[in-house]
Amino acid sequence: MTTTAPDPPSALPLPLLRLRLAPHDVPPRRLDGVWWPYSRDLLTQLPQLLAELPHAWGDISAVTVDAAAWSAAPGRMLVANQVVRLHKAPASPHAADRVVLLSPGLGRWDLSVIPPDATEKAAALLLAAALDDHVPGADGAVRTRAPRW
């Protein structure tokens, strides 16, 4: 008797990465960007983030996240054929929800994390506050520039 395996389900395309990096032509700043993940599942969200980072940031070898904010994850994971060490630390009052990326010999990058369940409006406000992305209007009032995810 011969059985045939059902066709594998078609792979759904990954959602677009919601990441905004600070301009590199400005003086050093406390945040290098803002990331709005789709969930708190680090195993699914982190590989997509690391794949889209600028090449100048090099290979990220270690990632530190707020222990209370993310789902359980192993101490290491393989991303694009590279081992990435995962560190979970208690949240700092100075960096409430932040992801810290380390690349040996190249540096450290800090990304503010917008909660996955945030509305578009709330995400835009958090983005503007994190990156000081305020622009004056014609009447002199400060307005928030709409994010481009």
Side-chain angles (χ1 to χ4, degrees), residues 10-149:
S10 61
L12 297 174
L14 291 174
L16 295 176
L17 182 68
R18 299 183 296 192
L19 174 68
R20 186 112 178 266
L21 299 178
H24 63 276
D25 58 346
V26 295
R29 48 192 320 139
R30 61 185 176 84
L31 281 176
D32 299 294
V34 178
W35 178 37
W36 186 15
Y38 290 92
S39 75
R40 291 290 185 171
D41 182 357
L42 199 56
L43 294 178
T44 60
Q45 298 298 304
L46 189 60
Q48 186 181 10
L49 170 67
L50 297 182
E52 296 296 324
L53 293 175
H55 292 289
W57 288 21
D59 291 330
I60 303 299
S61 65
V63 177
T64 302
V65 298
D66 172 6
W70 294 91
S71 64
R76 296 179 220 194
M77 66 187 289
L78 190 63
V79 178
N81 292 327
Q82 178 183 339
V83 174
V84 176
R85 290 186 324 269
L86 301 176
H87 303 280
K88 288 187 152 194
S92 161
H94 305 292
D97 200 357
R98 191 170 290 189
V99 171
V100 177
L101 309 169
L102 298 175
S103 178
L106 292 176
R108 165 188 168 149
W109 291 273
D110 290 35
L111 301 177
S112 178
V113 178
I114 295 174
D117 57 352
T119 64
E120 288 273 343
K121 184 176 181 179
L125 292 172
L126 290 168
L127 173 70
L131 295 181
D132 296 326
D133 203 10
H134 294 84
V135 291
D139 59 357
V142 174
R143 292 190 172 65
T144 303
R145 191 179 304 165
R148 291 187 187 144
W149 302 108

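These numbers come from a predicted model, not from an experiment.
Scanning for salt bridge (Lys or Arg N to Asp or Glu O under 4.0 Å) contacts around Arg76 gives an empty result, with sequence neighbours left out. A search for side-chain contact (heavy atoms from CB on, under 4.5 Å) contacts involving Leu53 returns Leu19, Leu49, Leu50, Trp57, Ile60, Leu101, not counting sequence neighbours. In this view, Arg85 satisfies the salt bridge (Lys or Arg N to Asp or Glu O under 4.0 Å) rule with no residue, not counting sequence neighbours.
Looking at Asp66 and Arg40, no side-chain N of the basic residue comes within less than 4.0 Å of a carboxylate O on the acidic one, giving no salt bridge.
Residue pairs meeting the salt bridge (charged side-chain N to carboxylate O under 4.0 Å, His left out) criterion with at least one member in residues 105-118, sequence neighbours excluded: Arg98-Asp110, Arg108-Asp110. Sorted by first and then second residue, the salt bridge (charged side-chain N to carboxylate O under 4.0 Å, His left out) pairs involving residues 41-54 (not counting sequence neighbours) form an empty list. Screening residues 53-63 for salt bridge (charged side-chain N to carboxylate O under 4.0 Å, His left out) gives no qualifying pairs among residues at least two apart or on separate chains.
Closest non-hydrogen pair, Met77 versus Leu46, comes out as SD-CD2, 3.8 Å. The nearest pair of heavy atoms linking Val79 to Pro47 is CG1-CA, 4.0 Å. Scanning all heavy atoms of the two residues, the minimum distance from Ala67 to Lys88 falls at CB-CB, 3.8 Å. Among all heavy-atom pairs drawn from Val113 and Trp70, the shortest one is CG1-CZ2, 4.0 Å. Scanning all heavy atoms of the two residues, the minimum distance from Ala56 to Leu106 falls at O-CD1, 3.9 Å.
The side-chain heavy atoms of Leu21 and Leu111, taken from C-beta on, include a pair separated by under 4.5 Å. Between Tyr38 and Arg18, some side-chain heavy-atom pair lies under the 4.5 Å cut-off. By the 4.5 Å heavy-atom criterion applied to side chains, Leu126 and Pro115 are counted as neighbours.
In this structure, CD in Gln45 is found 8.5 Å from CG in Leu17, a value given to the nearest 0.5 Å. Atoms OG and CZ, on Ser112 and Arg30 in that order, are 8.0 Å from each other to the nearest 0.5 Å.
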*How far apart are the C-alpha atoms of Val63 and Val100, what are their side-chain angles, what is the distance that settles it, and do they pass the side chain to side chain contact (heavy atoms under 4.5 Å, CB included) test?*
CA-CA 6 Å; Val63 177; Val100 177; over 6 Å; no
